[in-house]
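Please read the structure below before turning to the comments.
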There are 2 protein chains.
Amino acid sequence: MNDTILRKKKLRVTPFRKEVLKVFLKNDHAISMQDIENELGDFDRITLYRTIKSFINKGVIHEIVMPGDIRKMALCDQVCDHDSGLHDHNHIHFQCKKCEEVFCVEIDKIPEIKIPGFQIEEQEIQAKGICEKCSGS
Amino acid sequence: MNDTILRKKKLRVTPFRKEVLKVFLKNDHAISMQDIENELGDFDRITLYRTIKSFINKGVIHEIVMPGDIRKMALCDQVCDHDSGLHDHNHIHFQCKKCEEVFCVEIDKIPEIKIPGFQIEEQEIQAKGICEKCSGS
DNA sequence: TTCATAGATGCAATATTGTTGCATTTGTAT
DNA sequence: ATACAAATGCAACAATATTGCATCTATGAA
């Protein structure tokens with residue numbers, strides 16, 4: 001139930017937030033602002049912006065940015081239930097060159113990068129290629 | 001000389017382009033659209049957008065996007081002298097949490113990621129932490 | 001169950017960012 | 001020196017995002 005998700009993240013359960021969350025839940029890939037707007041029937045754009053912002057801050061969803069002005073969002077794992085606005089993810093972001101969708105893909109272990117002189121605290125990997133579904137066809 | 005860079009990438013050498021290129025050359029870190037606008041005295045914004053677009057297409061600069069609506073650009077290595085619009089880079093993108101600058105940092109070898117079912121063709125690594133300069137202070 | 005209140009919503013107005021079409025100017029190859 | 005494709009600059013516009021404020025509502029406490 002999406003009520004549970006919201007409550008867990010200390011967000012008030014409102015009809016609008018449930019609607020927005022539903023859009024995320026029914027997609028297995030990352031979605032854009034446009035996608036959400038298209039899926040919501042009637043809505044107030046300002047409220048949507050604010051909803052998205054609080055979802056990100058509370059760790060309900062996370063932002064994915066990729067070259068080419070691609071800005072999408074996807075649900076967070078259970079892991080990130082913190083109020084800090086920081087997100088920990090054990091996955092990489094993958095964009096399919098065929099269907100153009102962006103997915104969060106779990107991987108066993110994120111390789112550690114080391115750079116002399118730099119202290120790396122977080123890292124994120126973005127990849128492009130052909131996704132599972134498009135490989136088959 | 002920045003004339004050489006432009007000619008090598010098959011771009012006409014115009015005063016404006018030289019100005020923009022100069023801004024990139026004098027920074028050792030990635031810069032934003034805002035940064036460029038601030039450094040250029042008097043300019044036409046539309047021309048700037050178009051200039052940036054052709055610089056990216058011809059491989060003079062590359063785009064760097066990071067979570068938090070960060071969109072910056074930096075000069076490409078000599079390597080990417082192709083007209084395809086694709087860029088090959090042997091570096092990762094690093095953002096310092098202290099000075100907030102974004103750097104292109106060369107690393108020895110980019111680790112290979114493998115995901116069952118997915119064909120990875122390109123990948124990019126983004127990291128956050130403390131940069132060389134800020135570590136010292 | 002009712003009530004008070006912090007938080008969420010919706011509207012208006014506005015800011016920021018990026019694009020398109022078109023006339024004019026300019027860099028470059030001949 | 002010249003012709004022409006490419007670049008520029010202007011006007012108009014489109015898309016995206018933000019702020020302030022009045023109103024409404026979800027939630028915890030009485």
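Just so it is clear: chains get the letters A, B, ... in the order the sequence lines come, proteins before strands, and each one is counted from 1.
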With a non-hydrogen cut-off below 4.0 angstrom, is Thr14(A) in contact with a base, only sugar-phosphate, or nothing?
sugar-phosphate
Could you work out which one of dT20(C), dT18(D), dT9(C) sits closest to the side chain of Arg17(A)?
dT9(C)
Closest-nucleotide ordering on DNA chain D, the 5'-leading residue of Ile46(B) and Pro15(B):
Pro15(B)
Given side-chain contact (heavy atoms from CB on, under 4.5 Å), test Leu21(A) with Leu75(A) step by step and report yes or no.
CA-CA 9 Å; Leu21(A) 195 49; Leu75(A) 285 173; 3.8 Å; yes
Spacing of Leu48(A) atom CG relative to dC11(C) atom P, expressed in whole Å:
14 Å
Exam field: side chain Glu101(B) to backbone Cys96(B), donor-acceptor pair closer than 3.5 Å:
no
Compare the minimum distances between each of dG18(C), dT8(D), dT19(D) and the side chain of Arg50(B), then state the nucleotide with the smallest one.
dT8(D)
Nearest-neighbour nucleotide for the Thr51(A) side chain, dT8(D), dA17(D), dT9(C) considered
dT9(C)
For the residue pair Phe103(B) and His29(B), does the interplanar ring angle fall in the parallel (under 30°), tilted (30 to 60°) or perpendicular (over 60°) class?
perpendicular
Protein-nucleotide distance (Lys10(A), atom NZ; dA6(C), atom C1'), rounded to Å
16 Å
Listed nucleotide nearest any side-chain atom of Val13(A), set dT27(D), dT19(C), dC10(D):
dT27(D)
Rounded to whole Å, how long is the line connecting atom NZ of Lys58(A) with atom P of dA8(C)?
7 Å
Is the Phe118(B) ring parallel, tilted or perpendicular to the Phe94(A) ring (thresholds 30°, 60°)?
perpendicular
Are Lys26(B) and Glu39(B) within salt-bridge range, i.e. N to O under 4.0 Å?
yes
Whole angstroms only, please: what is the CG-C1' distance between Asp44(B) and dT19(C)?
13 Å
For Asp3(B) and dT28(C), give me the distance from atom CG to atom C1', rounded to whole Å.
13 Å
Report the distance from atom CG of Asn57(A) to atom C1' of dA8(C), rounded to the nearest whole Å.
15 Å
For Arg7(B) and dA29(C), what is the distance between atoms CZ and P respectively, to the nearest whole Å?
8 Å
Pick the nucleotide of DNA chain C nearest each of Thr47(A) and Glu37(B); which residue has the one closer to the 5' end?
Thr47(A)
Do the side-chain N or O atoms of Arg71(B) get closer than 4.0 angstrom to the phosphate oxygens (OP1, OP2) of dT17(C)?
no
Taking any heavy-atom pair under 4.0 Å as a contact, classify Gln34(B): base, sugar-phosphate, or nothing.
sugar-phosphate
Sorted by position of nearest nucleotide on DNA chain C, 5' first, the leading residue of Arg12(B) and Lys53(B) is Lys53(B)
Name the closest nucleotide to the Leu11(B) side chain, picking from dG21(C), dA7(D), dT27(D).
dA7(D)
Please confirm whether the shortest side-chain N or O distance from Arg45(B) to OP1 or OP2 of dA11(D) is below 4.0 Å.
no
Tyr49(A) atom OH is separated from dA17(D) atom C1', nearest whole Å, by 5 Å
